[in-house]
Amino acid sequence: MNRFTIVHISDIDLTMDDNQRLATQPLQRIFDDLEDHQVAADLIVLSGDLLIDGDQQGYRQLHQYLQQQERRLQVTIQVLLGDRDDREAFNRGYLAVAHQPYYADKQVHQNMDFYFLDSKWELNKSAGWLDRPQLDWLNKNLHLAPRRRAFIFLHHPLDASALRDMRYTLLQNNRELLAILHGHNIGGIFTGHLHFDANYVVDSVVPVTVTGSAATYINCQDPYQHDVYTGTTYNVITIQRGIASVITHPLALGQTVIQTIPVNRTGFVKHRPRAIPVRRPLP
């Protein structure tokens, strides 16, 4: 199996300027860095939180901008939705479709399957959720190719002991997703959302890599007060023989707190499903 390289960028948080034009920094800084260092990417993934308060016009401009970057860098750019994205504006402006309940996609490269999931939940909720129809779609596709190595991208990280104070903002139905992935040939899960880097293992064998943000770095050491700094980082994922390795590329880190985020409660939100009972063998 040949080497396959993915540039993973998340939480770009683009805005519109006073003239209603898309302000593309610091994402442009990352694209320039890829060109300057001749990173030969086979795929670029933007894993959610594309626009802040984005409307149809903003997503249309984003689509046009990314098409220009695809031609410049000679690579496909795949986007996902995050909690700060507006699904209806994205549908109409980026995809030019009237309505769809979620935005998920699958790509096949070499002998590997790449799944891009839509973990955006309800409006005004930072936590993530994968609804039943999307989970059924994933389950069906995994069973269609049980031998191929699969890699999963979504915006929201899965639960881990090191992130227990951030459960209010993680993917809420972890167990449902892991139940579908269990027993399949999963090479890794890649997420964003936290605005800092993290690495851990779920279901005993599946590695999870969280990439930092293209726009800011958030210090979450205090569970009830998160400090926000300017910061730009991205990851380069190299897959060879089905094994993924990740290198983090930090481009900037501010020294001044630009915002403080208060947190009232750190546990899962109230809609989290109950634990699935474990069947114990008879004595």
Side-chain angles (χ1 to χ4, degrees), residues 6 8 10 45 47-48 78 80-83 101-108 112-122 125-194 196-211 235 237 239 242-246 266-281:
I6 303 170
H8 184 194
S10 195
V45 179
S47 59
Q78 173 73 44
L80 289 72
L81 292 185
D83 55 286
Y102 61 87
Y103 178 58
D105 195 14
K106 173 186 176 182
Q107 294 184 20
V108 179
M112 301 175 292
D113 290 340
F114 295 89
Y115 292 92
F116 308 96
L117 305 181
D118 182 353
S119 60
K120 177 179 172 59
W121 197 8
E122 301 171 3
K125 275 191 169 66
S126 69
W129 188 272
L130 296 171
D131 60 12
R132 188 74 251 170
Q134 186 176 183
L135 289 171
D136 290 343
W137 170 84
L138 175 63
N139 187 41
K140 176 182 177 181
N141 278 273
L142 285 171
H143 278 90
L144 288 175
R147 291 175 176 249
R148 282 207 296 267
R149 193 76 154 163
F151 297 88
I152 312 292
F153 286 82
L154 71 161
H155 182 69
H156 290 85
L158 281 68
D159 185 29
S161 58
L163 300 177
R164 63 178 303 164
D165 289 331
M166 303 194 69
R167 285 174 169 167
Y168 69 96
T169 195
L170 303 178
L171 183 71
Q172 300 296 294
N173 54 341
N174 295 272
R175 292 185 180 93
E176 291 182 78
L177 174 60
L178 291 176
I180 289 173
L181 300 183
H182 186 75
H184 287 284
N185 188 11
I186 308 300
I189 299 174
F190 302 93
T191 76
H193 185 56
L194 299 182
F196 61 81
D197 296 282
N199 297 277
Y200 52 96
V201 174
V202 295
D203 204 21
S204 300
V205 293
V206 180
V208 177
T209 300
V210 183
T211 187
N235 282 356
I237 305 165
I239 304 173
I243 304 298
S245 58
V246 181
T266 61
F268 285 107
V269 297
K270 63 180 180 178
H271 296 296
R272 178 173 179 255
R274 294 181 179 178
I276 300 173
V278 177
R279 294 182 179 272
R280 300 187 181 278

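- Scored by the salt bridge (charged side-chain N to carboxylate O under 4.0 Å, His left out) test, Arg164 finds no partners at all (sequence neighbours excluded).
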Derivation of the side-chain contact (heavy atoms from CB on, under 4.5 Å) call for Asn185 and Arg149:
CA-CA 5 Å; Asn185 188 11; Arg149 193 76 154 163; 2.6 Å; yes
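- Phe153 and Leu80 make their closest contact through O-CD2, 3.4 Å (heavy atoms, listed as atom of the first residue, atom of the second, distance).
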Val246 and Thr211: side-chain contact (heavy atoms from CB on, under 4.5 Å), yes or no, with the steps?
CA-CA 10 Å; Val246 181; Thr211 187; over 6 Å; no
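- Ring pair Trp129/Trp121 is parallel by interplanar angle, where below 30° counts as parallel and above 60° as perpendicular.
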Could you please spell out the steps behind the side-chain contact (heavy atoms from CB on, under 4.5 Å) verdict for Asp131 and Asp118?
CA-CA 9 Å; Asp131 60 12; Asp118 182 353; over 6 Å; no
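- For the atom pair Lys120 NZ and Leu81 CG, the distance stands at 7.5 Å (nearest 0.5 Å).
- Evaluation of the salt bridge (charged side-chain N to carboxylate O under 4.0 Å, His left out) rule for Asp136 yields Arg132 as partners, not counting sequence neighbours.
- Nearest approach of Tyr115 to Ala150, heavy atoms of both residues: CE1-CB, 4.0 Å.
- For the pair Ser10/His193, no side-chain contact is recorded, criterion being any heavy-atom separation below 4.5 Å from C-beta on.
- In this structure, CD in Gln172 is found 9.5 Å from NZ in Lys125, a value given to the nearest 0.5 Å.
- To the nearest 0.5 Å, atom CG of residue Leu138 and atom CD of residue Glu176 are 12.0 Å apart.
- To the nearest 0.5 Å, atoms CG (Asp159) and CG (Leu177) are separated by 12.5 Å.
- Closest approach of Ser47 to Thr191, counting heavy atoms only: OG-C, 4.3 Å.
- Nearest heavy-atom pair across Phe196 and Leu163 is CZ-CD2, 4.2 Å.
- Looking at Ser126 and Thr169, their side chains do bring a donor and an acceptor atom within 3.5 Å of each other.
- Rounded to the nearest 0.5 angstrom, Leu130 CG and Leu171 CG are separated by 5.0 Å.
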Verdict with reasoning, Leu181 to Asp203, per side-chain contact (heavy atoms from CB on, under 4.5 Å)
CA-CA 9 Å; Leu181 300 183; Asp203 204 21; 5.8 Å; no
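- Nearest heavy-atom pair across Gly192 and Val210 is O-CG1, 3.4 Å.
- Here the side chain of Tyr200 pairs a donor or acceptor atom with the backbone of Leu158 at under 3.5 angstrom.
- Of the listed residues (Phe114, Trp137, Phe116), just one forms a side chain to side chain contact (heavy atoms under 4.5 Å, CB included) with Lys106, and that residue is Trp137.
- Looking only at distances, no side-chain donor or acceptor of Asp113 sits under 3.5 Å from a matching main-chain atom of Leu142.
- The heavy-atom pair separating Gly187 from Pro207 by the smallest distance is O-CG, 3.6 Å.
- Looking at His182, its side chain never comes within 3.5 Å of a backbone N or O of Leu178 through a donor-acceptor pair.
- With hydrogens and angles ignored, the 3.5 Å screen pairs no side-chain donor or acceptor of Gln134 with any backbone N or O of Tyr103.
- Note: Phe151 CZ to Ile189 CD1 = 11.5 Å, rounded to the nearest 0.5 Å.
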